> 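Quick one: structure below, then a few questions.
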Amino acid sequence: MKIIRNIEEMKIISKEIKSKGMSLGMVPTMGFLHEGHKSLIKCAKENNDIVTVSIFVNPTQFGPDEDYESYPRDLEHDSKICQMEGVDYIFHPEPDEMYPDGYSTFVIPGEKMTNILCGITRPGHFRGVCTVLTKLFSIINPDNAYFGEKDIQQLAIVRRMVKDLNLGVNINGCPIIREEDGLAKSSRNTYLNEEERKAAIILRKSILKGKEFMDNGEKNVEKIRKVIVDSINSEPLAKIDYVEIIDFDTFDRIEKLSKNTLIAMAVYIGKTRLIDNLIY
Ligand code: PAF
């Protein structure tokens, strides 16, 4: 396994791989790899000849008051995981390499998909995500890229972007990986203290309460939402950022369950903002 820090070198390597007719899978990450990332890497390994993992904490997707500086970073630990999982290349550029002085071009996803859910609390976040991914796709030129369904809005926006801009990368969504008690795996879970970690299971518990309601035939979205909100509010350490139930195909807010309904939430546990979702 090789760690590449330079864009031109990465481009040459990718070109060589493609010229040999080999398929190239890519797993874009911000590092601090966990089981969720491992499952993406496994999927990439199964379906491609060569796998590149990008590790880059992307400054343009963090707001001014967000955790860019304190976001956990550990290249040594990440390299060990990648090595164990059989990754061929890690692409790990410095911020200056990706955004040199004078950098001024951004990819802005449509408002319909960003003026909702995480896009409201994190203005500019998806602009940063789309910009860095467009750059990474252009540098690495993968046939397939792998994303976790935990960041479901990101996955939908990236699919749309790739289609709209004819980027020619197959976008693959992989199921959420959870801790034993149901908490979705996330690098940000490391911010939780013991008490908060216990409280954090309220996200999954509440979604499942809503699901139970729906399984029993409830179709009224406001009633389902209320069950979920009440459940989250029963946890003293939890503070709701949003709980939304929308049509996943159109991103419209709905009153009655649609064929492809997305229940999505962001909840602060202490100072840590966690997300979770369910497609029903
Ligand atoms: O999901 C993430 O870790 C990031 O948003 C991504 C896709 C690597 C872009 O920086």
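Both counts, for ligands and for their atoms, begin at 1 and track the order of listing. Every value quoted in this text rests on a predicted model; they were computed, and no experiment measured them.
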> Sequence neighbours left out, what passes salt bridge (charged side-chain N to carboxylate O under 4.0 Å, His left out) with D49? Give chain and number order.
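Residues passing salt bridge (charged side-chain N to carboxylate O under 4.0 Å, His left out) with D49: none at all.
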> Using modelled atom types only, decide if a donor and an acceptor are shared between the side chain of D143 and the backbone of L24 within a distance under 3.5 Å.
yes
> Could you go through ligand 1 and list every pair where one of its N or O atoms sits under 3.5 Å from a protein N or O, giving the atom names and the distance to one decimal?
unit_1	atom_1	unit_2	atom_2	d
ligand 1	1 (O)	Q154	NE2	2.9
ligand 1	5 (O)	Q61	NE2	2.9
ligand 1	5 (O)	Q154	OE1	2.7
ligand 1	10 (O)	Q61	OE1	2.6

> Output all residues satisfying salt bridge (charged side-chain N to carboxylate O under 4.0 Å, His left out) with E235, sequence neighbours left out; order by chain, then residue number.
none
> Inspect the surroundings of NZ in K239 and state if more than 12 heavy atoms from other residues, nucleotides or ligands are less than 6.0 Å away.
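Atom NZ in K239 is not packed in, count stays at 12 or less.
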> What verdict does the side chain to side chain donor-acceptor pair (under 3.5 Å) test give for Y280 and D215, after you've listed the backbone C-alpha separation in whole Å, the side-chain angles of each residue and the deciding distance to 0.1 Å?
CA-CA 10 Å; Y280 192 80; D215 288 344; 2.6 Å; yes
> Under the rule for ring-ring contact (aromatic ring centres under 6.0 Å, His included), what residues qualify as partners of Y242, not counting sequence neighbours?
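Partners of Y242 by the ring-ring contact (aromatic ring centres under 6.0 Å, His included) criterion come out as none, since no residue qualifies.
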